[in-house]
A.B. asks: 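Structure in structure tokens, see below.
Only this structure's heavy atoms are used, side chains among them; waters, hydrogens and symmetry mates stay out. Only a predicted model underlies this, so the values are computations on that prediction, with no experimental measurement involved.
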Amino acid sequence: MASSRLVRTNLSPLFNWRPAHSASPVEALILRHRLRAIELLPWFLAICAYYAFADYLALGCQILIMILFAMSLDLVLGYAGIVTLGHSAFFGVGAYAAGIYAARVSGEPLSGLIIGAIAAAAIGWTSGLVILRTQGLTLLMLTLAITALLAEAANQASFITGGADGLQGVDMHPIFGIFNFDLYGHTAYIYCLVVLFVAWLFARRLIHSPFGQSLIGIRENAARMHAIGSPLRLRLVTIYTISAALAGVAGALLAQTTQFVGLTVLGFQRSGEIVIMLVFGGAGRLYGAFIGATLYMIAQDQLAKLDPTYWYFWIGLLLVLLVMFARGGVLGLIDQGLRALRSMR
């Protein structure tokens with residue numbers, strides 16, 4: 001058996017470990033599938049927060065939703081290298097689909113999540129077939145254009161979406177007919193946490209699969225992946241569709257827990273904020289979404305209380321400092337600290 005000395009992999013240094021001399025790449029891939037104890041830390045903290053911050057569960061729901069949203073973006077931006085500033089298109093489509101379903105058809109939550117995921121995935125697949133033929137600035141502009149088109153469509157279709165006044169009458173039924181959405185957010189928090197956990201298990205399995213590894217190869221050297229016969233466009237469209245579906249689930253959760261959908265779910269600001277969250281935590285790390293979204297939402301809440309007018313200035317300053325001194329976000333900063341400690345031994 002290989003030596004038991006441990007070194008970090010390139011994919012996620014903080015959470016993935018493997019033997020220094022693996023017998024084969026296949027064995028290394030299998031080892032990365034194994035769940036490490038430290039990966040349970042975010043879920044332990046989330047459960048503790050439920051009891052320790054019972055008065056802030058509404059904010060907690062928002063944080064969990066943004067973590068899921070950021071994680072969906074990480075799949076395309078961090079792992080596949082697809083640059084986008086229009087990811088709120090899928091978030092908004094999921095929110096409107098779930099909200100309209102609840103207002104016009106049924107308030108059953110789980111079927112609403114599925115409707116939101118399907119609607120967002122459909123938009124992701126159809127748009128991905130077109131825009132993923134392009135690269136760079138053209139791709140970036142097309143993602144923005146799709147979001148703008150959807151936002152204008154939602155504004156004009158006021159007889160369905162409520163237009164600028166927002167979608168009204170989103171009434172949610174109890175989950176499984178038992179758990180009511182209470183005013184204090186107890187049910188909503190657990191509901192969002194469970195959905196996020198399932199999505200995380202799926203995303204974790206995906207990125208450690210051969211398909212996920214091929215996405216990293218495409219990100220690093222698309223020409224070489226094409227030379228060895230990898231179907232680049234098919235895989236990019238596939239991950240773009242999967243990412244859109246997860247973003248749609250996040251949007252559906254927002255519609256269900258707030259029981260309201262406004263045009264802001266399709267706004268450029270939401271797309272920009274989710275990119276900032278991912279930069280905060282660290283893109284291409286999966287767990288960067290957890291750290292970045294949490295830090296951003298808490299900072300936004302506290303800074304808005306301290307400085308309601310110029311709180312965004314402090315967010316921008318924090319972002320500049322992170323980009324200058326921690327290129328890999330907070331996880332990158334932690335890696336630097338761990339390397340410094342090891343070098344001192």
Side-chain angles (χ1 to χ4, degrees), residues 57-66 68-70 72-73 84-127 143-175 180-185 187-189 191-192 195 243-274 297 300-301 304:
L57 292 182
L59 175 61
C61 289
Q62 297 289 317
I63 292 174
L64 296 175
I65 292 169
M66 289 300 106
L68 177 55
F69 189 20
S72 72
L73 177 64
T84 173
L85 280 176
H87 215 57
S88 62
F90 313 123
F91 183 86
V93 167
Y96 270 111
I100 293 171
Y101 177 78
R104 308 292 173 84
V105 182
S106 172
E108 201 284 314
L110 298 182
S111 58
L113 285 184
I114 295 173
I115 293 296
I118 292 175
I123 297 296
W125 180 72
T126 53
S127 63
T143 60
L144 286 172
I146 290 172
T147 305
L149 287 172
L150 290 172
E152 185 59 27
N155 187 34
Q156 294 297 324
S158 57
F159 59 98
I160 298 176
T161 64
D165 295 328
L167 180 64
Q168 309 291 332
V170 181
D171 186 23
M172 301 308 303
H173 297 170
I175 303 173
N180 289 291
F181 285 89
D182 58 287
L183 181 63
Y184 300 100
T187 299
Y189 185 90
Y191 176 50
C192 292
V195 173
S243 173
L246 290 178
V249 171
L253 284 175
L254 181 68
Q256 292 176 347
T257 54
T258 61
Q259 299 187 18
F260 176 80
V261 185
L263 290 175
T264 56
V265 296
L266 287 165
F268 168 74
Q269 181 177 351
R270 192 172 295 272
S271 288
E273 286 179 343
I274 206 66
M297 295 296 291
Q300 181 187 57
D301 180 69

A.B. asks: Once side-chain hydrogen bond (donor to acceptor under 3.5 Å, both in side chains) is applied, do any residues pair with Q62, and if so which ones, sequence neighbours excluded?
C.D. replies: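 Result, side-chain hydrogen bond (donor to acceptor under 3.5 Å, both in side chains) vs Q62: none returned.
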A.B. asks: Within the side chain of T147, is there an N or O that forms a donor-acceptor pair under 3.5 Å with the backbone of G86?
C.D. replies: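 Checked: pair present.
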A.B. asks: Any side-chain heavy atom of L263 within less than 4.5 Å of one from Y96?
C.D. replies: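 Yes, close enough: below the 4.5 Å cut-off.
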A.B. asks: Within the structure provided, determine whether D165 and S158 are in side-chain contact (heavy-atom separation under 4.5 Å).
C.D. replies: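 SC-SC contact between D165 and S158 ruled out.
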A.B. asks: Are the side chain of T161 and the backbone of A154 linked by a donor-acceptor contact shorter than 3.5 Å?
C.D. replies: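 Side chain of T161 to backbone of A154, a donor-acceptor pair under 3.5 Å: yes, one is there.
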A.B. asks: How many angstroms lie between CE in M66 and CG in L59, if you round to the nearest 0.5 Å?
C.D. replies: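 Taking CE in M66 and CG in L59, the distance rounds to 11.5 Å.
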A.B. asks: Atom NE2 of H87 and atom OG of S72: how far apart are they, to the nearest 0.5 Å?
C.D. replies: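 OG of S72 is found 3.5 Å from NE2 of H87.
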A.B. asks: Provide the closest heavy-atom pair for A89 versus L266 in the form atom of the first, atom of the second, distance.
C.D. replies: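 Closest approach of A89 to L266: O-CD2, 3.6 Å.
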A.B. asks: Please list, chain by chain and in numerical order, all residues satisfying side-chain contact (heavy atoms from CB on, under 4.5 Å) with L57, sequence neighbours excluded.
C.D. replies: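 Once residues adjacent in sequence are excluded, the partners of L57 under the side-chain contact (heavy atoms from CB on, under 4.5 Å) criterion are Y50, H186, Y189.
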A.B. asks: To the closest 0.5 Å, what do you measure between CZ (F91) and CG (L73)?
C.D. replies: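 If I round to the nearest 0.5 Å, the distance is 12.5 Å.
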A.B. asks: Taking atom CG of L110 and atom CD of Q256, what is their separation to the nearest 0.5 Å?
C.D. replies: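 One gets 8.0 Å once the value is rounded to the nearest 0.5 Å.
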A.B. asks: Can you list the steps and then say if I115 with V105 is a side-chain contact (heavy atoms from CB on, under 4.5 Å)?
C.D. replies: CA-CA 11 Å; I115 293 296; V105 182; over 6 Å; no
A.B. asks: For the side chain of T187 and the backbone of D182, is there at least one donor-acceptor N/O pair under 3.5 Å apart?
C.D. replies: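 Side chain of T187 to backbone of D182, a donor-acceptor pair under 3.5 Å: no, none is there.
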A.B. asks: Shortest non-hydrogen contact from V261 to G99?
C.D. replies: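 Looking at all heavy atoms of both residues, the closest pair is CG2-CA, 4.3 Å.
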A.B. asks: With rounding to the nearest 0.5 Å, note down the distance linking CG in L68 to SG in C192.
C.D. replies: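 Going from the CG atom of L68 to the SG atom of C192 covers 9.0 Å.
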A.B. asks: Shortest non-hydrogen contact from I100 to L167?
C.D. replies: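 Between these two residues, the closest heavy atoms are N-CD2, 3.4 Å.
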A.B. asks: Compare all side-chain heavy atoms of S88 with those of F268 and state whether any distance is below 4.5 angstrom.
C.D. replies: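 No, every pair of side-chain atoms sits at 4.5 Å or beyond.
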A.B. asks: Quick check: do F69 and L253 have side-chain heavy atoms less than 4.5 Å from each other?
C.D. replies: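 They are not in contact (no side-chain heavy atoms under 4.5 Å apart), so the answer is no.
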A.B. asks: Measure across T257 and A188 and return the closest heavy-atom pair with its distance rounded to 0.1 Å.
C.D. replies: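 Shortest heavy-atom separation between T257 and A188 comes out as CG2-CB, 3.8 Å.
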A.B. asks: I need the M172 CE to S106 OG distance, nearest 0.5 Å.
C.D. replies: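 The distance works out to 8.0 Å.
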A.B. asks: Of all residues at least two apart in sequence or in a different chain, which pass the salt bridge (charged side-chain N to carboxylate O under 4.0 Å, His left out) check with D171?
C.D. replies: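 Scan of D171 (salt bridge (charged side-chain N to carboxylate O under 4.0 Å, His left out), adjacent residues dropped) gives none.
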A.B. asks: For A70 versus I274, what's the shortest heavy-atom pair and its separation?
C.D. replies: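 In terms of heavy atoms, the two residues are closest at N-CD1, 3.6 Å.
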A.B. asks: To check you understand the geometry: which heavy-atom pair defines the closest contact between C61 and G185, and what is its length?
C.D. replies: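 Of all heavy-atom pairs spanning C61 and G185, the closest is SG-O, 4.1 Å.
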A.B. asks: Parallel, tilted or perpendicular: which fits the ring planes of F181 and Y191, with parallel below 30° and perpendicular above 60°?
C.D. replies: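 F181 and Y191: perpendicular rings.
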A.B. asks: When you compare the side chain of I118 with that of I114, does any pair of heavy atoms fall below 4.5 Å?
C.D. replies: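 Contact flag for I114/I118 side chains = yes.
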